[in-house]
Amino acid sequence: VFPVLHGLHGEDGTVQGIFELAKFPYVGCGVLASSVSMDKLHTKVIVDRLDIDQAQYVDVRRNELKNMDLVVTEVENTLDYPVFIKPSQAGSSKGVSKAENREELIAGLKEAAKHDFKILVEETIVGREIECGVLGNAEPKASGVGEILKASEATFYDFDAKYNNAESKTVIGPDLPEGVEQEVRDAAVAIFKAVDGRGLARVD
């Protein structure tokens with residue numbers, strides 16, 4: 001089976017579990033790697049242990065939003081605006097928003113809570129988004145890298161910019177400072193191994 005499915009119930013380990021039970025051979029990562037990698041918060045916990053730099057974050061649960069003032073205070077004491085609010089287990093930037101202030105943060109938390117009971121609030125990093133593929137099993141290898149370029153008018157790489165705007169693109173082999181491409185590839189392989197990846201993955 002080639003499970004070319006996207007998002008919840010496609011790449012989160014659910015259908016992979018069905019294949020395991022049915023004893024169907026399939027392409028790509030197994031149940032554990034699929035479920036962990038679909039869950040942004042759990043991926044961040046794993047990456048924390050690898051000594052790989054990543055965006056600072058605050059973990060929020062839907063039931064905590066009953067005390068919105070406490071949640072907002074924790075976020076504001078930990079991170080500076082602007083911040084990104086993301087459902088932990090949604091794909092394609094569904095439910096993701098950018099907050100420049102407290103009012104937008106509250107609205108973003110409520111929107112993310114419609115998609116998942118776990119919510120991730122992350123600091124904004126101004127930089128470039130680089131990705132690469134990882135292929136293999138016991139000894140995986142990383143591909144060359146690509147750079148994601150969102151359409152100029154998009155606030156961030158949201159659903160519309162990803163799927164509905166032809167100006168968004170990925171540039172293969174971007175010009176990077178010396179050593180950065182290898183650093184990205186090494187980090188991608190380390191994360192792939194840490195989540196028990198096999199077959200193939202895309203690491204951003």
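Just so we're clear, the structure is a prediction, and the values are computed from it rather than from any experiment.
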**Q** Should we say atom CG of D53 is surrounded by more than 12 heavy atoms from elsewhere, each under 6.0 Å from it?
**A**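 Incorrect, the count does not exceed 12.
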
**Q** For atom CZ of R62, is the number of surrounding heavy atoms from other residues, nucleotides or ligands below 6.0 Å larger than 12?
**A**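 Atom CZ in R62 is packed in, count exceeds 12.
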
**Q** Can you check whether V47 reaches V45 side chain to side chain, under 4.5 Å on heavy atoms?
**A**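 They are not in contact (no side-chain heavy atoms under 4.5 Å apart), so the answer is no.
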
**Q** Can you hop from V195 to V31 via hydrophobic side chains spaced under 4.5 Å?
**A**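 In one cluster with V195: V31, no.
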
**Q** Might you work through the salt bridge (Lys or Arg N to Asp or Glu O under 4.0 Å) test for E64 and R61, ending with a clear yes or no?
**A** CA-CA 5 Å; E64 295 174 346; R61 305 299 161 122; 5.8 Å; no

**Q** Please report the interatomic distance CG(L5) to CD(Q16), rounded to the nearest 0.5 Å.
**A**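 So the CG of L5 and the CD of Q16 are separated by 8.0 Å.
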
**Q** Do E123 side-chain atoms and Q56 backbone N/O form a donor-acceptor pair below 3.5 Å?
**A**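 Indeed, once roles are kept as given, a pair shorter than 3.5 Å links the two residues.
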
**Q** Contact between V27 and V1 at the side-chain level, heavy atoms closer than 4.5 Å - yes or no?
**A**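 Answer no - side chains too far apart.
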
**Q** Looking at K118 and D59, is there a salt bridge between them, counting it only when a charged N and a carboxylate O are closer than 4.0 Å?
**A**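 Looking at D59 and K118, the cut-off is not met.
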
**Q** If you round to the nearest 0.5 Å, how far is CG of N137 from SG of C29?
**A**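 Answer rounded to 0.5 Å: 9.5 Å.
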
**Q** Can you tell me how far apart CG (D116) and CD (Q89) are? Round to the nearest 0.5 Å.
**A**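 Here the rounded value is 4.5 Å.
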
**Q** Under a 3.5 Å distance rule, please check whether R202 uses its side chain to pair with a backbone N or O of G133 as donor and acceptor.
**A**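 No, because the side chain of R202 does not come within donor-acceptor range (under 3.5 Å) of the backbone of G133.
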
**Q** Answer yes or no: is there a side-chain heavy-atom contact under 4.5 Å between L149 and T170?
**A**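 Counting from C-beta outward, L149 and T170 never come under 4.5 Å.
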
**Q** Would you indicate whether the side-chain heavy atoms of L109 and I119 approach each other to under 4.5 Å?
**A**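 The answer is yes, as the side chains (C-beta and beyond) meet within the 4.5 Å cut-off.
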
**Q** Is there a side-chain contact between Y57 and L41 (heavy atoms, below 4.5 Å)?
**A**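 Yes, side chains in contact.
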
**Q** Atom CG of L105 and atom NZ of K98: how far apart are they, to the nearest 0.5 Å?
**A**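 So the gap between those two atoms works out to 14.0 Å.
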
**Q** When hydrophobic residues are tied together by side-chain contacts of less than 4.5 Å, even through go-betweens, does L79 share a cluster with V60?
**A**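 Yes, one cluster joins them.
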
**Q** Can you name the nearest heavy-atom pair linking D196 to A33, along with the distance?
**A**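 Closest heavy-atom pair between D196 and A33: O-CB, 3.5 Å.
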
**Q** Treat each ILVMFWY residue as a node, draw an edge where side-chain heavy atoms are under 4.5 Å apart, and state whether I85 and V75 are in one component.
**A**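 Yes, I85 connects to V75 through the hydrophobic network.
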
**Q** Side-chain contact test, heavy atoms from C-beta onward, threshold under 4.5 Å: evaluate it for R102 versus Y81 and give yes or no.
**A**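 Contact flag for R102/Y81 side chains = yes.
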
**Q** Report yes if some heavy atom in the side chain of S88 is under 4.5 Å from a heavy atom in the side chain of F117; otherwise report no.
**A**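 They are not in contact (no side-chain heavy atoms under 4.5 Å apart), so the answer is no.
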
**Q** Donor-acceptor pair, distance only, cut-off 3.5 Å: does the side chain of S97 make one with the backbone of E104?
**A**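 Not confirmed, S97 side chain does not pair with E104 backbone.
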
**Q** Mind checking the CD-CG spacing from E76 to N101? Nearest 0.5 Å is all I need.
**A**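 E76 CD to N101 CG: 9.5 Å, rounded to 0.5 Å.
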
**Q** Let me confirm one number: the SG-CG distance from C132 to D204, rounded to the nearest 0.5 Å.
**A**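 So the gap between those two atoms works out to 9.0 Å.
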
**Q** Are V83 and L65 linked, directly or through intermediate hydrophobic residues, by side-chain heavy-atom contacts shorter than 4.5 Å (ILVMFWY only)?
**A**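 Shared cluster, yes.
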
**Q** Counting only N and O atoms by type, is there a donor-acceptor contact under 3.5 Å from the side chain of N67 to the main-chain atoms of L70?
**A**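 Judged by distance alone, no pair lies under 3.5 Å.
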
**Q** Please identify each residue that fulfils side-chain hydrogen bond (donor to acceptor under 3.5 Å, both in side chains) with E122, with sequence neighbours left out.
**A**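 For E122, the residues satisfying side-chain hydrogen bond (donor to acceptor under 3.5 Å, both in side chains) (neighbours in sequence not counted) are K44, K86.
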
**Q** Taking side chain as C-beta onward, heavy atoms only, is R128 less than 4.5 Å from L176?
**A**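 With C-beta onward as the side chain, the pair touches.
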
